[in-house]
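Scroll down for the structure; my scribbles are underneath it.
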Amino acid sequence: QVQLVESGGGSVQTGGSLRLSCAASGYTYSNGCMGWFRQAAGKEREGVATILTGGGVIRYRDAVKGRFTISLDKATNTLVLQMDSLKPEDTAMYYCAAHQSPRGTLCGPVEAYNFWGQGTQVTVSS
């Protein structure tokens with residue numbers, strides 16, 4: 001059974017940094033997708049960054065490009081999201097998610113992910 005446990009959220013001021021970690025267990029990395037998603041109050045859940053675990057293809061949503069970095073350490077089964085130059089609009093609950101059904105190099109939308117962590121809150125104040 002796949003289990004994902006996030007940590008590292010918190011409160012920072014604009015321009016600050018946070019590092020989110022997702023400890024994964026029971027997941028097969030040979031061919032799947034893992035990613036970070038976020039959901040702000042009153043808004044739909046959206047993808048932030050995803051990684052194709054078998055080939056390392058990485059994608060970011062435009063709003064975080066150049067500020068966020070996703071990485072996967074298969075030795076420790078940890079997915080990391082380094083967030084720099086944080087903005088108030090980054091405030092949200094952040095979730096780690098995974099699935100094992102990529103379409104070629106595409107990880108697909110939020111609905112494609114069937115394993116989810118419990119989330120960790122990120123709050124950025126101005």
Side-chain angles (χ1 to χ4, degrees):
Q1 184 177 358
V2 176
Q3 289 189 323
L4 306 172
V5 180
E6 303 98 333
S7 62
S11 297
V12 296
Q13 292 187 329
T14 298
S17 297
L18 284 172
R19 184 180 178 89
L20 305 183
S21 295
C22 173
S25 61
Y27 183 74
T28 301
Y29 294 99
S30 59
N31 183 32
C33 291
M34 297 188 76
W36 288 96
F37 298 79
R38 66 187 182 187
Q39 188 166 18
K43 295 187 177 181
E44 293 186 351
R45 192 169 297 187
E46 62 185 21
V48 174
T50 62
I51 182 168
L52 189 70
T53 60
V57 176
I58 289 174
R59 292 185 170 87
Y60 297 97
R61 71 179 302 107
D62 288 345
V64 307
K65 286 180 180 177
R67 300 189 297 121
F68 291 11
T69 303
I70 188 172
S71 60
L72 176 61
D73 186 339
K74 295 181 182 180
T76 62
N77 298 330
T78 303
L79 182 72
V80 174
L81 184 68
Q82 177 66 41
M83 304 186 296
D84 299 316
S85 302
L86 283 161
K87 304 176 181 180
E89 51 263 44
D90 294 319
T91 294
M93 184 71 80
Y94 282 70
Y95 298 90
C96 171
H99 71 76
Q100 293 177 315
S101 303
R103 295 185 178 183
T105 62
L106 298 178
C107 284
V110 174
E111 294 74 20
Y113 290 78
N114 55 344
F115 302 113
W116 290 86
Q118 81 287 352
T120 186
Q121 179 67 38
V122 171
T123 302
V124 185
S125 58
S126 57

- How long is the span from the CG atom in Leu4 to the OG atom in Ser25, to the nearest 0.5 Å?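 Going from the CG atom of Leu4 to the OG atom of Ser25 covers 7.5 Å.
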- Item | Euclidean distance, Ser11 OG relative to Leu86 CG, rounded to 0.5 Å |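 Spacing of CG (Leu86) from OG (Ser11) equals 11.0 Å.
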- Classify the ring geometry between Tyr27 and Phe115 as parallel (under 30°), tilted (30 to 60°) or perpendicular (over 60°).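 Correct class here is perpendicular.
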Do the side chains of [X] and [Y] join up, straight or via other hydrophobic residues, at under 4.5 Å, putting them in one cluster?
X: Ile58; Y: Met34; answer: yes
X: Leu81; Y: Val57; answer: no
X: Phe37; Y: Phe68; answer: no
X: Val80; Y: Leu18; answer: no
X: Val122; Y: Met93; answer: no

- Item | Whether over 12 other heavy atoms sit under 6.0 Å from Gln118 CD |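 Yes, because the 6.0 Å sphere around CD of Gln118 holds more than 12 heavy atoms from other groups.
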- Task: Using a cut-off of 6.0 Å, state whether more than 12 heavy atoms not belonging to Gln13 lie near its atom CD.
- Result: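 Result for CD/Gln13: open.
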State, yes or no, whether a side-chain contact exists between [X] and [Y] at a heavy-atom distance under 4.5 Å.
X: Glu6; Y: Leu20; result: no
X: Ser21; Y: Thr78; result: yes
X: Gln100; Y: Thr28; result: yes
X: Ile70; Y: Leu79; result: yes
X: Cys96; Y: Trp116; result: no
X: Asp90; Y: Arg38; result: yes
X: Arg59; Y: Leu106; result: yes

- Item | Thr14 (side chain) donor-acceptor with Ser125 (main chain) under 3.5 angstrom |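 Looks like yes, one N/O pair under 3.5 Å.
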- Message: I'd like to know if the side chain of Thr120 and the backbone of Ser7 have a donor-acceptor N/O pair within less than 3.5 Å.
- Response: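 Flag not set: sc Thr120 to bb Ser7 has no pair under 3.5 Å.
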- Lys/Arg-Asp/Glu bridge criterion (N-O < 4.0 Å) met for Lys65, Asp62: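 Judged by the 4.0 Å cut-off on N to carboxylate O distance, Lys65 and Asp62 do form a salt bridge.
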- Query: Passes side chain to side chain contact (heavy atoms under 4.5 Å, CB included), Cys33 versus Thr50? Steps please.
  - Reply: CA-CA 7 Å; Cys33 291; Thr50 62; 5.8 Å; no
Might you point out which heavy atoms bring [X] and [Y] nearest each other, and give the distance in Å?
X: Leu52; Y: Thr105; value: CD2-CA, 3.8 Å
X: Gly117; Y: Tyr95; value: O-CD2, 3.6 Å
X: Ala92; Y: Gln121; value: O-NE2, 3.4 Å
X: Gln39; Y: Lys43; value: NE2-O, 3.1 Å
X: Gly32; Y: Pro102; value: CA-CD, 3.9 Å
X: Tyr113; Y: Cys107; value: OH-CB, 3.3 Å

- Message: Walk me through whether Val110 and Glu46 qualify under side chain to side chain contact (heavy atoms under 4.5 Å, CB included).
- Response: CA-CA 7 Å; Val110 174; Glu46 62 185 21; 5.8 Å; no
